[in-house]
There are 2 protein chains.
Amino acid sequence: MATIYEVSEAAGVSLATVSRVMNGNARVSERTRQKVLDAMDALGYRPNAIAQSLASNRTNSIGLLVSELHGSYFGELMSTIELILKKHGKHVIITAGHVEEHRETEAIDFLTSRRCDALILHAEAVSDDYLTKLGKSGVPVAVVNRKVEGMEDQCFVADNENGGYLATKAAIDNGHKKIGYISGPLFKQDATERLNGHVRALNDAGIDNEPTLLFEGDYHESSGQEGFGKLFSDNADLSVLVCANDEMASGAMTAAREAGLNIPDDLSVIGFDNVLFSRYLHPKLTTINNPVHSMGEMAAAWILENVYDIKSPEPIVHVFEPELVERDSLGPL
Amino acid sequence: MATIYEVSEAAGVSLATVSRVMNGNARVSERTRQKVLDAMDALGYRPNAIAQSLASNRTNSIGLLVSELHGSYFGELMSTIELILKKHGKHVIITAGHVEEHRETEAIDFLTSRRCDALILHAEAVSDDYLTKLGKSGVPVAVVNRKVEGMEDQCFVADNENGGYLATKAAIDNGHKKIGYISGPLFKQDATERLNGHVRALNDAGIDNEPTLLFEGDYHESSGQEGFGKLFSDNADLSVLVCANDEMASGAMTAAREAGLNIPDDLSVIGFDNVLFSRYLHPKLTTINNPVHSMGEMAAAWILENVYDIKSPEPIVHVFEPELVERDSLGPL
DNA sequence: TTAAAAAATGTAAGCGCTTTCAAACGAAAT
DNA sequence: ATTTCGTTTGAAAGCGCTTACATTTTTTAA
């Protein structure tokens, strides 16, 4: 690999001049500029980004922490963020935290040791306190899908409470009264909020919030199956199942079908997230759209604006509204 | 951020000693070791990976190029590779090439400028020639899902030809004779190979390979719909549709259903890849499993062995066999 | 006890760049 | 021609580490 030194030699100019033409941030006469450019591609020169970063104290890279590298939720998040940042010449360094505290902190350590210019975190296991401290440590941090007290202006979240409300409201609007709810693991913020929304919708409609109609799942498909089993055996007159995500809705549908129920005639099902496969389910899943795209986009825009002084065309928004996606799994009572 | 210099000062030792305890690659007496460790966490010291890389000419990171950051195929590939490399303290830097030549080369340039210790490439748009040159340029390169002439021992591929064969063979074994084939875009190696396998199965069974039974799609769902429309209007007696991937199979199923056909009673459908949603389709899709996991795993193992001298427990294999996944969309004639 | 060998630590050069500051240059003004 | 001022270039320090080599300290053997 040719170095800047060899280029300077070949072009007959100093290191500084080569650096100047590379960065285009200082005047260089057209003649020497050309000499340098020629020398560069004669040598096949590629600047060493590592050395550049060390010298300039800038990496032009943004660290992104997600929980997993697979799954359509994270796929969309990563894609969105990468697209918008790359458009501005910035690069994303992605790591996975696997919803385990030590792996998340490890991943964040990695990103900071890499001296990322900023971080975008979808951190689920780490404490609020940790995030607050990190936020004060110097690196600009944007948090996705989590509201951390005291750093609201760096958080980009969906209004999960309202999403939960919308789901249950849709059931109620269809005449349902016996509404089962399969929640996510309640240590997760979004799961609690969605449940709160559900309860509010129930209250608004004057429907009792019976404990036997609630099942706490873990967001995985299998717990949707379990959830159906438990709720249905306790409540034979159950007419709709509101699920805190699409995976569990899918599991519930499978279990319901195995129990001989027809969806939505015997049992309606509603999901949450609107992940890719929800429209491949049969019947197509009625669900709540989770505005992942918007959250990612805005987090990226916020970084561009606050770290690189690249103004966003749109105003920065921190909370995004979920919407009901009406398909075929919710029917009238 | 504290630097190694401040640590050395605080601990009352030289830079070199601090570096030694950090890297654990040289003897340091237990007493000074402890002094240094204490100084480190008193200062909250984090080594600067950028500086380490520059000095040591090692980044401990592997560049990974995928076509997209979303989609279950790439999700699985990224997850697999990250998991195994992280287990050995290596990090993955992921970039997306979006199946466009200049974006792929740009992404690769980025990875090399970052001085990755090695590259794992799922490159679709770039030429064989380019890859060959890159392979000779010094960075160790592993290629996934593509066989490049002259660098076979760095390529990790599925036996797509045989996969295509298995799909059509399954149709034939079920008594079908009028077999429609929706291929992928034939500029892609895997699409061509799958088609070749299809043709071989036809020949083996003595079935004519009629041009009106072939439709070239683009691997997207919509072209599955088109494909069905075209093939079905030309061949009213079509009894099975073999599709070169699951997305197109899904599209074809939708279109068939809209045309009033029942699957698999009126028309059987077979997919390829066995992506996540294939089992959420209705009926569940019979498909060919694409051994993405194995390819990723092996590419990672190869890098560990060849770049970091970490021996793989399993022998290195370069070609992986797809398998038929029997579900509900293929029925007897 | 002393010399030799082994272990622990320090010194300093260098990784490939950026960037400040000073020097050289050229054109316009006198 | 000389001065002046803006433009272009170069010299050199430094970013935070690693590592070869030199030096000092400790251990072992005689």
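All chains are named by letter (A, B, ...) in the order of the sequence lines, taking the proteins before the strands, and each is independently numbered beginning at 1.
- Ring to ring, A/H122 and A/F156 are not that close: their centroids are 6.0 angstrom or more apart.
- A/Q52 and A/N48 share no donor-acceptor pair across their side chains, judged by distance under 3.5 Å alone.
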What is the per-nucleotide protein-contact pattern of nucleotides 8-16 of chain D, from the 5' end, where B denotes a base atom under 4.0 Å from a protein heavy atom, S denotes such proximity for sugar-phosphate atoms only, and - denotes neither? SBBB--BBB
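- Scored by the side-chain contact (heavy atoms from CB on, under 4.5 Å) test, B/K86 finds B/E82, B/H91 as partners (sequence neighbours excluded).
- Residues satisfying the side-chain contact (heavy atoms from CB on, under 4.5 Å) criterion with B/I310, sequence neighbours excluded, are B/H88, B/L304, B/Y308.
- Atom CD of B/E9 is separated from atom C1' of C/dG10 by 15 Å (rounded to the nearest Å).
- Separating the CD atom of B/E30 from the C1' atom of D/dT26 is a distance of 17 Å, rounded to the nearest angstrom.
- Side-chain atoms of B/S127 come within 3.5 Å of backbone N or O of B/Y130 as a donor-acceptor pair.
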